[in-house]
Colleague: 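This is the structure, below, for whatever I ask next.
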Amino acid sequence: QRERRSIAMARPSPARCCALVRFVHERCGLGSGTPLVSPDPRRLSADCVGDATLDTLSEAVRLNRPVVLRRRLAGSAAASGSDGGLGVEPANDAAALVPEGLVGHPGTASDLLPRLRALCGQREVLVRLARPPRVASLWERLRSEGHAGDAQGGPTFGDARERAPYRRVDRRPLGDVVDELQRVGSEANENMDQHREVGIYAANVPIEHILPEFAELLRPISTGVAHHLRSAFGLQVPGTPSLYLGAGSQRTPLHFDPTENLTIVLQGTKLFRLFPPSASSQLQPRGGLLAAAACWTAGVVPAVYSDFDAWMAASGRPAAADVVVRAGEVLYLPPGWWHAVAGSAEPNVTVVFGYAPSEAKGARYFQRLRLPFL
């Protein structure tokens, strides 16, 4: 009991550890009185993250509510047409943004990895290296006593405990990355009972700048996003759209972004474990008053990371919503929503478009009037 008490006293107070969170929330418009769906973190479930169409997505953006654009089954568009049989109702789901020809299926002619290798396999990309196995702290072991978690999974790429969470990186030709991921995927299919880990993850690769040939292939998606959704957001984040290419059930640490993100899975699947902004004080966020003041001075609105292991069940952990996004589907993730991400065992290809929140939502990225976190 004395040991538990000393550990609790050593942990930073919520008021101190949430200073950076409050600063980023304020700049994103989450603290300005704008509409915000912030469910009780104790009762959050996958039901809180609904499906949407292009017509209803703008309302989800206004409410800061995550939604998924699914793909209707083949033939359902014609079956649900409302034009008296004179034609097929235009696609109003993910198919309007992601043409079928850009949805990859491993081992078939549509597999995106051979196309990536052929288009730009010679180009070098920055890859993240797997984090060394983490030894749970005494505090984490005490919290997880009696709770069976799902911590056994793929390698984690990134370490929130570091000043630079993704400092373990290397440069590799994209062709070598594709070859490694394909090996991992084939071994995973042959040995279903054994987990084959991969040591590299190509993440946050600027497509337009680093992979211009792939950018041209994705032009229909970029055009569709700009046509249907651009008016709902602020300025596009430099460096997006960006490519995420992994395998072996790779994971990223828990964090939230200060941007409106459209995540498009082109091949494989992604699992998003989500926590609402209202759960921030329970998720051990990093960044105190000093970090918030430095960001305010420099005019930077950063992503915020957490010491919390989202994949390990623990007493007192707020409930999470687990959302699976499949090939050809789109996840809208508002700013401030915490997420840890796991990829499928087979190679997974994801493209992310990022936008600043619009001023209509109360966002004020570049305003320096006061210290909002005091």
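What you see below is based on every heavy atom in this structure, not just the backbone, and it leaves out hydrogens, waters and symmetry mates. Bear in mind that the values here come from a model prediction, so they are computed numbers and not experimental data.
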Colleague: Please tell me whether Leu113 and Leu217 are part of a single hydrophobic cluster in this structure, the criterion being side-chain heavy atoms less than 4.5 Å apart.
Modeller: yes
Colleague: Report yes if some heavy atom in the side chain of Gln122 is under 4.5 Å from a heavy atom in the side chain of Glu213; otherwise report no.
Modeller: yes
Colleague: For Glu59, is there an ion pair with Arg65 - N to carboxylate O distance below 4.0 angstrom?
Modeller: no
Colleague: State, to 0.1 Å, how close Val184 and Ala247 come at their nearest heavy-atom pair, and which atoms those are.
Modeller: CG1-CB, 4.2 Å
Colleague: Return the SG to CZ distance between Cys120 and Arg115, rounded to the nearest 0.5 Å.
Modeller: 12.0 Å
Colleague: With a 4.5 Å cut-off on side-chain heavy-atom distances among I, L, V, M, F, W and Y, is there a chain of contacts connecting Leu119 to Leu116?
Modeller: yes
Colleague: If Ile, Leu, Val, Met, Phe, Trp and Tyr residues are connected whenever their side-chain heavy atoms lie under 4.5 Å apart, and connections chain through other members, are Trp311 and Val324 in the same group?
Modeller: yes
Colleague: Does any non-hydrogen side-chain atom of Phe272 lie less than 4.5 Å from one of Val325?
Modeller: yes
Colleague: Which ring pair (Phe, Tyr, Trp, His ring centres under 6.0 Å) pairs, counting each pair once, include a residue from residues 230-251, with sequence neighbours left out?
Modeller: Phe233-Tyr355
Colleague: Would you say Phe214 ends up clustered with Leu181 if hydrophobic residues are merged whenever their side chains have heavy atoms under 4.5 Å apart, either directly or through other cluster members?
Modeller: yes
Colleague: What's in the same ILVMFWY side-chain cluster as Tyr166, cut-off under 4.5 Å, chained through other members?
Modeller: Tyr305
Colleague: How many angstroms lie between atom CD1 of Ile221 and atom CD1 of Ile207, to the nearest 0.5 angstrom?
Modeller: 8.5 Å
Colleague: Taking C-beta and beyond as the side chain, do Pro241 and Val352 meet within less than 4.5 Å on heavy atoms?
Modeller: no
Colleague: Checking side chain to side chain donor-acceptor pair (under 3.5 Å) between Arg70 and each of Thr53, Asp93, Asp51, which is the one that passes?
Modeller: Asp51
Colleague: Please round to the nearest 0.5 Å and tell me the distance separating atom CG of Leu283 and atom OG of Ser306.
Modeller: 5.5 Å
Colleague: Quick one: closest heavy-atom pair of Pro99 and Arg71, and the distance?
Modeller: C-NH2, 4.1 Å
Colleague: Are Val127 and Val125 close enough that some pair of their side-chain heavy atoms sits under 4.5 Å apart?
Modeller: yes
Colleague: Do the non-hydrogen side-chain atoms of Ile210 and Glu124 ever get within less than 4.5 Å of each other?
Modeller: no
Colleague: Say whether, by atom type as modelled, one donor and one acceptor occur between the side chain of Ser344 and the main chain of Thr269 under 3.5 angstrom.
Modeller: yes
Colleague: Taking the inter-plane angle between the rings of Phe157 and Tyr201 on a 0 to 90° scale, is it parallel (under 30°), tilted (30 to 60°) or perpendicular (over 60°)?
Modeller: tilted
Colleague: Is it true that Thr263 and Lys270 share a donor-acceptor pair across their side chains at a distance under 3.5 Å?
Modeller: no
Colleague: Check for me whether the distance between the ring centres of Phe308 and His255 falls short of 6.0 Å.
Modeller: no
Colleague: With side-chain contact (heavy atoms from CB on, under 4.5 Å) as the test, would you mind laying out the steps for Val330 and Val68 before giving the verdict?
Modeller: CA-CA 6 Å; Val330 182; Val68 180; over 6 Å; no
Colleague: Can you list the steps and then say if Cys295 with Arg27 is a side-chain contact (heavy atoms from CB on, under 4.5 Å)?
Modeller: CA-CA 11 Å; Cys295 291; Arg27 287 302 172 95; over 6 Å; no
Colleague: CD/Glu216 to CD/Glu208 distance, rounded to the nearest 0.5 angstrom?
Modeller: 8.5 Å
Colleague: Are Val178 and Pro347 side-chain neighbours, meaning at least one heavy-atom pair lies under 4.5 Å?
Modeller: no
Colleague: Ignoring hydrogens, what is the shortest heavy-atom contact between Ala363 and Pro357? Give both atom names and the distance.
Modeller: CB-O, 3.5 Å
Colleague: Which atoms form the tightest heavy-atom contact between Phe275 and Ala310, and what is the distance?
Modeller: CE1-CB, 4.0 Å
Colleague: I'd like to know if Arg364 pairs up with Glu26 as an ion pair, taking the criterion as any Lys NZ or Arg NE/NH1/NH2 lying under 4.0 Å from an Asp or Glu carboxylate oxygen.
Modeller: yes
Colleague: Quick one: closest heavy-atom pair of Pro258 and Val24, and the distance?
Modeller: CB-CG1, 3.8 Å
Colleague: Heavy-atom count around Arg167 CZ within 6.0 Å, excluding the residue itself: above 12?
Modeller: no
Colleague: Is Asp179 salt-bridged to Arg117, going by a charged N under 4.0 Å from an acidic O?
Modeller: yes
Colleague: So do Leu211 and Val205 actually touch side chain to side chain, heavy atoms under 4.5 Å?
Modeller: yes
Colleague: Could you work out, with side chain to side chain contact (heavy atoms under 4.5 Å, CB included) as the rule, every residue matching Ser58, not counting sequence neighbours?
Modeller: none
Colleague: For a salt bridge (charged side-chain N to carboxylate O under 4.0 Å, His left out) check, start with the C-alpha distance between Glu180 and Arg172, then their side-chain angles and the critical distance, and finish with the verdict.
Modeller: CA-CA 11 Å; Glu180 171 66 12; Arg172 305 278 178 88; over 6 Å; no
Colleague: Keeping the roles fixed (side chain from Gln236, backbone from Thr240), state whether a donor-acceptor pair exists under 3.5 Å.
Modeller: yes
Colleague: With a cut-off of 6.0 Å (strictly less than), are more than 12 heavy atoms of other residues, nucleotides or ligands near NE2 of His209?
Modeller: no
Colleague: Are Lys361 and Glu260 ion-paired here, with the side-chain N under 4.0 Å from a carboxylate O?
Modeller: yes
Colleague: With rounding to the nearest 0.5 Å, note down the distance linking CG in Asp309 to CG in Leu254.
Modeller: 9.0 Å
Colleague: Start with the C-alpha gap between Ile264 and Phe353, add the side-chain angles, then the distance that decides, and say whether side-chain contact (heavy atoms from CB on, under 4.5 Å) holds.
Modeller: CA-CA 8 Å; Ile264 303 175; Phe353 289 79; 3.8 Å; yes
Colleague: Before you tell me yes or no, could you show the steps for His339 and Asp257 under side-chain contact (heavy atoms from CB on, under 4.5 Å), namely the whole-Å CA-CA distance, both residues' side-chain angles and the distance that decides it to 0.1 Å?
Modeller: CA-CA 9 Å; His339 53 287; Asp257 297 310; 3.3 Å; yes
Colleague: How far does OG of Ser222 sit from CG of Leu97, to the nearest 0.5 angstrom?
Modeller: 10.5 Å
Colleague: Check whether the side chains of Thr108 and Ser110 place a donor and an acceptor atom closer than 3.5 Å, and report yes or no.
Modeller: yes
Colleague: Ignoring hydrogens and angles, tell me if any N or O in the side chain of Thr56 forms a donor-acceptor pair with the backbone of Ala52 under 3.5 Å.
Modeller: no
Colleague: Is the ring centre of Phe256 less than 6.0 Å from the ring centre of Trp338?
Modeller: yes
Colleague: Identify which one of Asn348, Leu245, Val103, Asp111 satisfies the side-chain contact (heavy atoms from CB on, under 4.5 Å) criterion when paired with Gln267.
Modeller: Asp111
Colleague: Starting from Val237, can I reach Leu229 by hopping between I/L/V/M/F/W/Y residues whose side chains sit under 4.5 Å apart?
Modeller: no
Colleague: Considering only heavy atoms from C-beta outward, does the side chain of Leu243 approach that of Val349 to under 4.5 Å?
Modeller: yes
Colleague: Does Arg286 come within less than 4.0 Å of Glu162, counting only side-chain N to carboxylate O?
Modeller: no
Colleague: How close do Gly336 and Leu30 get, counting heavy atoms only, and between which atoms?
Modeller: CA-CD1, 3.9 Å
